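Below is one structure. I have some questions about it.
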Amino acid sequence: MSGALTVGVLAVQGAFAEHRDALLRAGANPREIRGPRELDDIDALILPGGESTAQGRLMRELGLFEPVAAMIGGGLPVFGTCAGMILLAKNIENDARRHFAAMDITVRRNGYGRQLASFVTRGRFAQYEDIEMVFIRAPYITAAGPDVEVLAEIDGRAVAAREGRMLAAAFHPEMTPDLRVLEYFLAMARA
Ligand code: GLN
């Protein structure tokens with residue numbers, strides 16, 4: 001594929017503006033998604049952080065849920081950050097709701113509890129050392145299926161993973177100036 005990738009950013013709630021800005025900095029062509037027609041011809045999709053329950057409800061109300069689920073099932077490259085990771089997960093330990101249930105991971109919502117609800121740390125992500133990781137009432141991954149590759153761990157807990165063309169991170173790469181995690185996803189989408 002040549003030229004800039006058109007990357008949809010689910011823009012119904014949460015941290016979509018930060019993803020749009022990061023995509024522009026990375027040389028991609030972001031498109032905010034608020035309705036099904038905006039899904040046409042996207043090369044990849046980002047599900048931002050925010051509040052997964054609200055995002056799931058709004059996507060259903062806007063007629064986005066079914067087409068996005070079908071596109072993810074059809075192999076559209078997708079990157080879920082924080083709430084977006086919860087939307088992708090097959091299992092949510094502490095929530096009866098399921099959303100796309102596409103990625104073979106179990107997550108714990110608000111996994112860090114109240115005291116450590118939000119924090120910044122640094123760690124390895126895939127081949128990249130010393131990535132700044134911003135956690136905001138973040139989930140973490142408590143179990144992963146055999147086809148899932150864990151890409152980042154903090155204090156022994158998996159916080160980023162990949163399965164096929166699906167990428168998930170518990171932290172917010174779009175809130176730091178470092179574009180390496182996004183570039184990892186864009187490379188995945190081009191492959
Ligand atoms: N706690 C949120 C949820 O459960 C996720 C937080 C975030 O995306 N920053 O949906």
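The figures that follow rest on heavy atoms only: side chains count, while hydrogens, waters and symmetry mates do not. One-based numbering, in listed order, for ligands and for the atoms of each. As the structure is a prediction and not an experimental result, all values here were calculated from the model.
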Problem set entry | Under 3.5 Å donor-acceptor, Arg180 side chain and Glu129 backbone |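 The answer is yes, because a donor-acceptor pair under 3.5 Å joins these two groups.
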Problem set entry | Presence of salt bridge, Glu93 and Arg108, under 4.0 angstrom |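 So Arg108 pairs with Glu93 through a salt bridge.
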Problem set entry | Name of the residue among Arg57, Arg97, Arg109 meeting salt bridge (charged side-chain N to carboxylate O under 4.0 Å, His left out) with Glu51 |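 Exactly one candidate clears the test, Arg109.
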For this session: Anything with a heavy atom under 4.0 Å from ligand 1 counts, so go ahead and list those protein residues by chain and number.
Result: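 Answer by chain and number: Gly49, Gly50, Glu51, Ser52, Cys82, Ala83, Ile86, Arg109, Asn110, Ile136, Arg137, His172.
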Exercise. If you measure from CE on Met71 to CG on Leu39, what distance do you get to the nearest 0.5 Å?
Worked result: 5.0 Å
Exercise. Can a donor-acceptor pair be found between the side chains of Thr176 and Glu132 at a distance below 3.5 Å?
Worked result: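 Looking only at side-chain atoms, Glu132 and Thr176 do not form any donor-acceptor pair under 3.5 Å.
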Exercise. Remaining members of Val120's ILVMFWY cluster at a side-chain heavy-atom cut-off under 4.5 Å?
Worked result: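 Val120 shares its hydrophobic cluster with Val134, Ile136, Met175.
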